Undergrad: 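There's a structure below that I have some questions on.
Computed from a predicted structure; not experimentally measured. Residue numbering restarts at 1 for every chain, and letters A, B, ... go by the order of the sequence lines.
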2 protein chains.
Amino acid sequence: MGRQRPGTPTLEEVAALAGVGRGTVSRVVNNAAGVRDSTRRTVQRAIAELGYVPNLAARSLAGHRADAVALVMTETDWRLFGEPFFTEIVHSVGDALTDTPVQLLLTLVRSDTERQRFVEYARGGRVDGVLLMSVHAEDPLPDMLAKAGLPTVMLGRRSGDESVTYVDADNAGGARDAVTHLLKGGRDTIGVIGGPPDMYVAQCRLRGYREALEPAGVEFRSSLVVEGDFSEESGHRAMRDLLARHPELDAVFAASDSMAAGALNALRAAGRRVPEDVAVIGFDDFQPARPTDPPLTTVRQPLEAIGRTMVRLLLEEMEESPAAWRHVILPTELVLRDTA
Amino acid sequence: MGRQRPGTPTLEEVAALAGVGRGTVSRVVNNAAGVRDSTRRTVQRAIAELGYVPNLAARSLAGHRADAVALVMTETDWRLFGEPFFTEIVHSVGDALTDTPVQLLLTLVRSDTERQRFVEYARGGRVDGVLLMSVHAEDPLPDMLAKAGLPTVMLGRRSGDESVTYVDADNAGGARDAVTHLLKGGRDTIGVIGGPPDMYVAQCRLRGYREALEPAGVEFRSSLVVEGDFSEESGHRAMRDLLARHPELDAVFAASDSMAAGALNALRAAGRRVPEDVAVIGFDDFQPARPTDPPLTTVRQPLEAIGRTMVRLLLEEMEESPAAWRHVILPTELVLRDTA
DNA sequence: GTGAAAGCGCTAACAA
DNA sequence: TTGTTAGCGCTTTCAC
């Protein structure tokens, strides 16, 4: 497991070649002020000549920082890897870090072994902060990191009273908007394809559904609620169940776009026209699975803003460890794409 | 950008509490031999009491290794993120590392800035080796890493005479098998949906197609070749072009499963029955995009073995930097799934 | 089997 | 503006 990369020049050798002290070279390398321009150039030449690259372990040890942050995906998130949701978050996090010297590290945590390994990695000082995509209520990782005093920001929350800094979308509000839109369109038998009930995000979206029904005077019926797992396949299955139970339904709100896509196909297979007979609204603003799919009305999450905000909060916590955690909830937007 | 995590206990404090020397604690922490069992237990108790976690920067600095490897995805690979291809590789790489103390770091390189940042990270000694998924011919990253003396293993190769250690599937052979199978089934007007011509993997798969035609006495016609970019959409488009040019074709070999899925839909939209009228074979053994899709005959790459082999080669190069690079080509397998 | 001591290469504080 | 110096916390000889 050992490795050597001998022959790597050190600060000291650069200093010797440039005929200056170690401190000066360090200042040049770190772009610090207080170095005469001519000196700086001399040093830069020496750096180039030797092909000097700073030893990051030494820098970390002396400087008490790693200049790196981790974006952790748990087993659960991993399934979302393919979703534009995930892609966009990673992209926006990456974008938010481009102007900093911070390296972004994606890590996959699938088992307790890996969880343990990662915690040791993080506590060992290899990263200055952690972004978590995990949202499952029972995941101990957020608390392990928080207990270790590591700046941590979560995407979404595990429950209503989350004790770790997080950024979330207004899930209940988005769902409310979607269902209200359907009601205004004259639909009143609206099925719901919900997410896993143990995920807070799913609870919120279901709550939004109920909150929209009330002011419209439409009674909530639990037989109109079917449970999915955010996957397209589960949406398909759920839609078939719903149709069997309520052939008369005229609209469906799905808690994710993947499930909405599955529902769409199930409806078509059953001979229903979408959206004429049954309107479908999804959540997340993923692109349709196939280019041949019709555009779907959906609740858009501001993914770019979510990623950017997560980074902002993390960097802030890294600067000055704040006394308390903070929460940011970002608004969603109903994107109408149906022709009917 | 600064950060502190004060109050973290050090080796020295553990040694003091346990009433032993620093060296002994180090041996215990690293599970090294040569410590009396009773001493070991005393030390472990002290470690637990203090909640000691090794400072990885110090360990790296003194031990000349990082106990971490990076799996780099370039912009190009990023699009594959969603594909089971990618997922499986990452999983098998992760699996291959579970029994080692090596942390796997996924990193995304989208721009020259990020490329530069990563190279500094790697050359700075934060990782002991690098796994590359990039396969584009013009990517300078492999050479940058090789020049820096970093153990590097690529998935796929950039050209026929690759100068960096790599693991690849037998792409030409797999394509040959697929097309031979079609020919044996009595199909002789076989369209090809190829990948980007600047990618070696695409060249190999196209070559395999030609190699299969020859012994069968079927003439190669360039009008039967259409270029895609591995995406489902490009497969759809390509299939329409092919149909327009050769309405009489009775089979299609697509250089990726995504393109095969796109082709499948285009064929259906054109009223062709699959596989009765037109047989389709893909490559990669991705799952069909939708649960409602019929199973597709495909050329399976041994993804698990590829990931495992990459890790094995990398660990070997990390142990003893070898004099020369090595190549491993793994066989593919034709998986028949069509009913016809 | 164990302790002491010499670095690893850098940052940052302090002198000059 | 620049050089000097004291660590950062660990691994690894080398004595004992």
Undergrad: Within the structure provided, determine whether A:Val109 and A:Met73 are in side-chain contact (heavy-atom separation under 4.5 Å).
TA: no
Undergrad: Are A:Arg312 and A:Arg308 packed together at the side-chain level, in the sense that at least one heavy-atom pair is separated by less than 4.5 angstrom?
TA: no
Undergrad: Considering non-hydrogen atoms only, spot the tightest contact between B:Thr165 and B:His327 and give its length.
TA: CA-CD2, 4.4 Å
Undergrad: How long is the line joining CG of A:Asp37 and C1' of D:dT1, in whole Å?
TA: 12 Å
Undergrad: Verify whether one side chain among B:Arg115 and B:Thr74 offers a donor that lies under 3.5 Å from an acceptor in the other.
TA: no
Undergrad: Expressed as a whole number of angstroms, how long is the span from B:Glu12:CD to D:dC8:C1'?
TA: 12 Å
Undergrad: Distance check needed: D:dC10 P versus B:Leu56 CG, whole Å only.
TA: 10 Å
Undergrad: Identify the 5'-most and 3'-most nucleotides of DNA chain C with at least one atom closer than 4.0 Å to a non-hydrogen atom of chain B.
TA: C:dG1 to C:dG9
Undergrad: Check DNA chain D against residues 25-34 of chain A and give the residues with a non-hydrogen atom under 4.0 Å, in numerical order.
TA: A:Arg27, A:Gly34
Undergrad: Answer yes if the side chains of A:Ser163 and A:Asp161 hold a donor-acceptor pair under 3.5 Å, and no otherwise.
TA: no
Undergrad: Map B:Ala58 and B:Arg36 onto DNA chain C by nearest heavy atom, then report which one ends up closer to the 5' terminus.
TA: B:Arg36
Undergrad: D:dG7 P sits how many Å from A:Arg22 CZ, rounded?
TA: 14 Å
Undergrad: Other residues, nucleotides and ligands only: do more than 12 of their heavy atoms fall within 6.0 Å of CD on A:Glu13?
TA: yes
Undergrad: Just wondering, do A:Leu330 and A:Val167 contact through their side chains at under 4.5 Å, heavy atoms?
TA: yes
Undergrad: Judged by atom type as modelled, is there a donor-acceptor pair below 3.5 Å linking the side chain of B:Glu114 to the main-chain atoms of B:Arg110?
TA: yes
Undergrad: Contact class for B:Thr39 (heavy atom, under 4.0 Å): base, sugar-phosphate, or nothing?
TA: sugar-phosphate
Undergrad: Name the residue closer to the 5' end of DNA chain C, choosing between B:Arg40 and A:Leu61 according to the nucleotide with the nearest heavy atom.
TA: B:Arg40
